Amino acid sequence: MKKSKDKSVRYSKSGKGISRRGFLKGAGLTTVGTVALTGGILSDVHAEERTNREVLGPDAVVISLKINGRVRSLAVEPRTTLASALRDHLGLTGTKIGCDRGACSACTVWLDGKPVNSCLTLAVEAVGKEITTIEGLGSEENLHPVQEAFIEHDASQCGFCTPAMVMTAAHFLKHNPNPDLEEVKVALRGNFCRCGTHPNVFKATIAASKKM
Amino acid sequence: MDKKKIKFPYGIPGHNLSEVEREIPADEPPAWPVNEKLKYVGKPVKRYDALAKVTGRARFTADVRLPGMLFAKFLRSDTPHAKITRIDIRRAERIPGVYAIHIIKDIDGNYPDVKYAGQAIAAVAASSLEIATEAVKKIRVDYDYKPFVVDVEEAMKPDAPVVFEKEIEAKEDAGDVGVTYEGTKASGNLRGPTTSSFYGGPRGDLDKGFKEADMILEHTYRTQVQTHVPLETHGMVVDWKPDLVTVYASTQNTKNFRDEIADYFEIPRSQVRVISEFTGGGFGAKHSAGIYGPVAAILSKKTKRPVWLMLDRKEEHISAGNRPNSIHYLRIGVKKSGELTAIKQVSHGTAGVGLGAGVGRIVQAMYQCPNFTTAQYDVLTHAGPGAPWRAPGNVQGAFGLEQAVDEIAYKLRKDPLDYRDIIDKSEIRKLERERGAELFDWDKRKAPGSDKGVLKKGMGVAQSTWPRFVHLDSTAEVRLLNGGGIEIRSAVQDIGTGTKTILAQVVAEELGVPIDDVNVLIGDTFFPNGPPSGGSVVTGSITPAVRNAAYKAKMQLLEQVAGKWKSDVSNLRIADGIITDSKDSSKSMTFGDALKGMRTGQIIAVASRSDDYGGFKQEWGLAYGDLGSVQFAEVTVDTETGFVKVDRIVAAHSCGRPINTAQVKSQINGGVIQGMSYALYEYRAMDKETGMMMNTGVDNYKMPFAMEIPDIDIVLIEDYGGRSSTDAYGIGEPANIATAAAIANAVYNAIGVRIYELPLTPDKILKALKKI
Amino acid sequence: MHKFSWYEAGSVEDALAKVNATVSEIVGRKPNNSSVVFKAGGVDLMDLMKEGLVNPETIVSIKSIPGLDKIEYDDKAGLRIGANATLGEIENNEIIKEKYLALHQAVAEAGTAQLRNSATLGGNLAQRTRCWYFRSIHHVCFRKGSGVCYAQHGENEFHAIINNSKCASVHASSVSTALMAFKAKVVIMDSEGKKKEVEIGDFFVHPETDEKRENILKANELITEVVIPPVTTGTKSHYIKYVARESHDWALADVAVTLEMTGGKCRRAEIVIGAAAPVPLRLDEPAKALEGHSINEKLAKKAGDIAMRNATPLAKNAYKIPVFRAIIKRAILKAV
């Protein structure tokens, strides 16, 4: 996330007619000339770093994952999902499995700062990326404002969807610090809650935005 | 037992509040005033376990990881009806990492016949879930295929394939003591009919009633099968040790779960410990250990390792419960004045291979009508078994009844609210209608179908009744620890309803201590029996028990303090954690210091739910009176595309003395949203040709997400009755009953055509509008 | 999921040298089948694998290929979107929002935000149908070679209403509905390094042509990018996805419209609908009805009516006809 932003800014110095706002979003385009912006350069760097291309598996291989700022080594098969690596191998069970098909988003984690379904991501694919889970969002002593607001507004019932709901809301507020109700609904629309806690989740998200 | 007479608040504040005198057991606490005068009770106190939930620390059953733990996976049938002729597990056994395979057999050692697609046949325990899943695929099952039927109307035909040749017995149903079915009367796939409930049997003379009627309304209402979809699926982790079987279970009934496991293995119940720290939703489906409970235990026993067995989403949809569908016929006689003269009710529904597909008691109980009969049939089909679901039967029943009443009101040219004033004698619902209508702006309602343009708005109302159930086997222990510490212990579980929080509130209120000083240890059968989280019984059952226990413990502590102060215990007061003597202002001590000065290491007091005050003996768990609700819905219907959007709901409810207003409102939100989902989106799609459920995901089994959520406003009415030391009742089920009917009535108001079948999909709307 | 080996390709050539099968070719094949297939975002492949429908022996990740995720725009050449660009990146691209509104709308409505951060454009085009009979391991349907389409007399509420007599599945990519309206071309490279550009309408394969595949890709081919011609300043577009629930859902019906407007009149129109037939459908006659006229409600309605003239709905999906009529009309009016 940070890297690509730097790169975009760097590029913008030589570009013409480039919208700075677009660049900061990491997805801008210039209308003049042909410019690549969405990660090509970063991919090159990544490619250079990797030397020995080899086929991994099918049995377990040792990989390192950077999770919540800490590098953790673990042995996984290529078929091991990131969700399973977190939950079964590393004991980080705040990330839940709800549908195991990317439809309920209970498994939401951030990969390089973006929310993804860890049930549809392989652990081997997450190598070299920054993984953030609910355990790394805030500590019990130092809660993230979204966590505080969720407590304040009773935004959990059974609580099974809550960690992912918090992760999604926290990511959203980074990019939209002052949302209205409709924007909050759009942002959270991928996360399933069967208890029907949504009204309080919306309230909490808006309340958190005011604290951030 | 010694008794004492005390006065309790009675009635509704701001409406008709008075007092009532009750004779109560002498060791129970004095009456609380109305909520306004209390510190913790009746307040939106923060959820006890909210911190654990928002940080991901909350450990659900699916999250339990024990040393050496194995993962188990079921093999399930891929055919709806068959005799199993052979099972070959040799290829599965050879896979490295496979520890044990259990093949399910009946009591005679035979493979049970397959009765629905997705029935469990065997289970594998392996070192990882991936390996267990792989091994399951390697088990070969040979079937002798048989004809099947999954459609309720097909199953009712005389030549339909029969699901059970023998009579089956209604299994014990911990979810709802009110659904009555007489399952043993059999004919083909029909069971029943049930003709009575605890409200009694048929009443009056139906023929006479219809003769007196000026108008007769007659319709058949249809509802669909709905699956529970708790986000955490059913499952458990079993750690079998010879002297103690520890079970971590995703359950709404720890005690029942323990009993089922112990009884299955014929071991003392004291040798089974069920722990449910957090349960990821249940909604009625998680009362039993089911088949997965014993299977996981067998695998753990066999392998001498802990075994994790959670269902996957598909298994959950197919095999772990559903709200049965209904074909609900109503014939209602009405006088010009609006009075009801007769109601004839006949229903058929399928709970698949299970029973319990009635339409509840709501038609029998809600309105004044002297002549009434019901005949509720179960229809067996080759489909997954039903399970209780928030107000079993009554949600289906309400969809028919409340549309019928709405239709009668329109036919009589009466406002549906005014019309209910004629036929509904409930005081609380009358008030809910008034306050709800005001908040909702009911007066802005227009004539049916009168909106011009493509988008038509409509308003509708529906109401519900739910009995006040309580569960006498509800016990709580309060412990005061020398040196500091207040603990509540009970086996009662918190499935997201907020049980932990309300227990802490009640005890903090009773002891006069800060709520953060109270520790709640529940969801463990090592503690005294708690009620099931079903029938909306928890709050009404466990809060009086815990208050009474806290009172007893407090009195023991105060006796000791009074002894030291040479005062009388009746002079002592506790507020904000300070004990004072009302007769001697020089005497003061913190609650903490009192704990430090205790003569013994601890004070333990235990109390159970007693009968309702006022001489009402509990029968079938039934307590005084009923819980009313009135819900209002506003919808927008796109008449070109058939798309229905619920814009707004106003839900007016009562639950006696609300203990935690925030949590009560959360549950009402949940009931409304699930009701909306039932009204518009959900249904189980069964393929008739192959007998399989097709929409087993979260993407294709449609349920609402954020964008679908309407604005929900709640009217919560305190309603005191002096019935127990807390006078509180639950809200989970009442919140879910009226929503779908209110939405259906709003859709009628929008488009001017009534739809008698759920869910209200674009297909049905467009057909009603004759666009197809 | 069955065990598989994993390889991260360094280049398109590297990837093509390794791969020996398309995902479609291995549907229903038992494990240990020596197959080597591509994976990009993996949203669809993972789903197929978890269902047990495909069991590749080796997966070649193409996400690791540098430069395959570029989004480039040039007034003359138009828009080029690398196959590895995620839907999330496309959604957030300001130029696309400005010039190719219908594409932006289609992408923004595809799946959830979480999925869009993983799903790539190439994967979206190559994904398999969501027909629940196809997705069921227990149903050997027409697309799996049995000749039996269970949807014909089964649970067909989400199925096709046009060209549906043999197989009633609908293509799952709603993004392609918009791409087709912009006359996108799919750039495909083969293992010999040859590139070809294929009109997106020719990319999809109807089941009556070949029931086992939904696109023309062969085992030795890879989508490298999608090229979209530049749009004239007068070009307007709009996309509507009609769903059971707005939060996120597979389309019950969707439509993309592009209109080239000059002097208040429609010079050229493209109307494409999805979830109507096994492949996205370009509606020539309804589009012609608009050309040369100024757009009004009557005309827009006419286009919708013409579009549904030849529909052959199944027992449970006739509702799609009025829905398509309505959304075609609305998309045309919104586009103007």
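Just so we're clear, the structure is a prediction, and the values are computed from it rather than from any experiment. Computed over heavy atoms, backbone and side chain alike; hydrogens, waters and symmetry mates excluded. Throughout, protein chains are lettered first and strands after them, A, B, ... in sequence-line order, and every chain is numbered starting at 1.
When only modelled atom types and interatomic distance are considered, A:Asp88 and B:Ser128 share no side-chain donor-acceptor pair under 3.5 Å.
A salt bridge does not link A:Arg79 to B:Glu130: none of the charged nitrogens lies less than 4.0 Å from a carboxylate oxygen.
Contact annotation for B:Gln663: both backbone and side-chain heavy atoms come within less than 4.5 Å of a heavy atom of chain A. For a residue to count as touching a neighbouring chain, one of its non-hydrogen atoms must lie under 4.5 Å from one of that chain's; by this rule B:Ala58 touches chain A with the backbone only. The part of B:Arg57 that comes within reach of chain A is its side chain, from C-beta onward, which places non-hydrogen atoms under 4.5 angstrom from that chain. With a threshold of 4.5 angstrom between heavy atoms, B:Glu708 does not approach chain A through any atom at all. B:Thr279 touches chain A through its backbone: at least one of N, CA, C or O sits under 4.5 Å from a heavy atom, while the side chain does not. For chain A, the nearby part of B:Ser677 is the side chain; its heavy atoms alone come within less than 4.5 Å. With a threshold of 4.5 angstrom between heavy atoms, B:Ile709 approaches chain A through its backbone and through its side chain.
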**Request:** Would you sort out whether B:Met707 and A:Val186 count as a side chain to side chain contact (heavy atoms under 4.5 Å, CB included), showing the intermediate values?
**Result:** CA-CA 7 Å; B:Met707 305 279 286; A:Val186 168; 3.7 Å; yes
**Message:** Set out, in order, the CA-CA distance, both residues' side-chain angles and the distance that settles side chain to side chain contact (heavy atoms under 4.5 Å, CB included) for B:Arg313 and A:Asp100, then state yes or no.
**Reply:** CA-CA 8 Å; B:Arg313 181 55 54 199; A:Asp100 202 28; over 6 Å; no
**Test side chain to side chain contact (heavy atoms under 4.5 Å, CB included) applied to B:Arg47 and A:Ser156, step by step** = CA-CA 9 Å; B:Arg47 197 171 282 262; A:Ser156 61; 4.0 Å; yes
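Between A:Phe160 and B:Phe60, the ring-plane angle classifies as perpendicular under the 30° and 60° cut-offs.
Looking at every heavy atom in both residues, A:Cys158 comes nearest to B:Gly281 through CB-N, 3.4 Å. Across all their heavy atoms, B:Gly56 and A:Pro163 have their closest contact at CA-CG, 4.1 Å. The minimum heavy-atom distance between B:Phe283 and A:Cys195, with the atom names listed, is CZ-SG, 3.9 Å.
Counting non-hydrogen atoms of other residues, nucleotides and ligands closer than 6.0 Å to NZ of B:Lys46 gives a total of 12 or fewer. The number of heavy atoms from other shown groups lying within 6.0 Å of NZ (B:Lys645) is above 12.
With rounding to the nearest 0.5 Å, the separation of CD in B:Glu316 from SG in A:Cys99 is 13.0 Å.
By the 4.5 Å heavy-atom criterion applied to side chains, A:Arg194 and B:Gln674 are counted as neighbours. Within the 4.5 Å cutoff, side-chain heavy atoms of B:Ile673 are placed close to those of A:His198. You'll find the side chain of A:Glu148 stays beyond 4.5 Å of the side chain of B:Val54, heavy atoms only. The shortest distance between side-chain heavy atoms of A:Arg101 and B:Val698 does not fall below 4.5 Å.
Considering only heavy-atom pairs separated by less than 4.5 Å from chain B, the leading option among A:Ser84, A:Cys104, A:Pro199 is A:Pro199. Taking B:Asp699, B:Leu231, B:Asp312 one by one and counting their heavy-atom pairs under 4.5 Å with chain A, the maximum is reached by B:Leu231. Here B:Glu232 is the residue among B:Met676, B:Arg59, B:Glu232, B:Gln667 with the most heavy-atom pairs under 4.5 Å with chain A. Among A:Asp154, A:Thr162, A:Ile134, the residue making the largest number of heavy-atom pairs under 4.5 Å with chain B is A:Asp154. Note on A:Lys185, A:His144, A:Gln157: by heavy-atom pairs under 4.5 Å with chain B, the leading option is A:Gln157. Contact count versus chain B (heavy atoms, under 4.5 Å) is highest, among A:Asn200, A:Ile97, A:Ile151, for A:Ile151.
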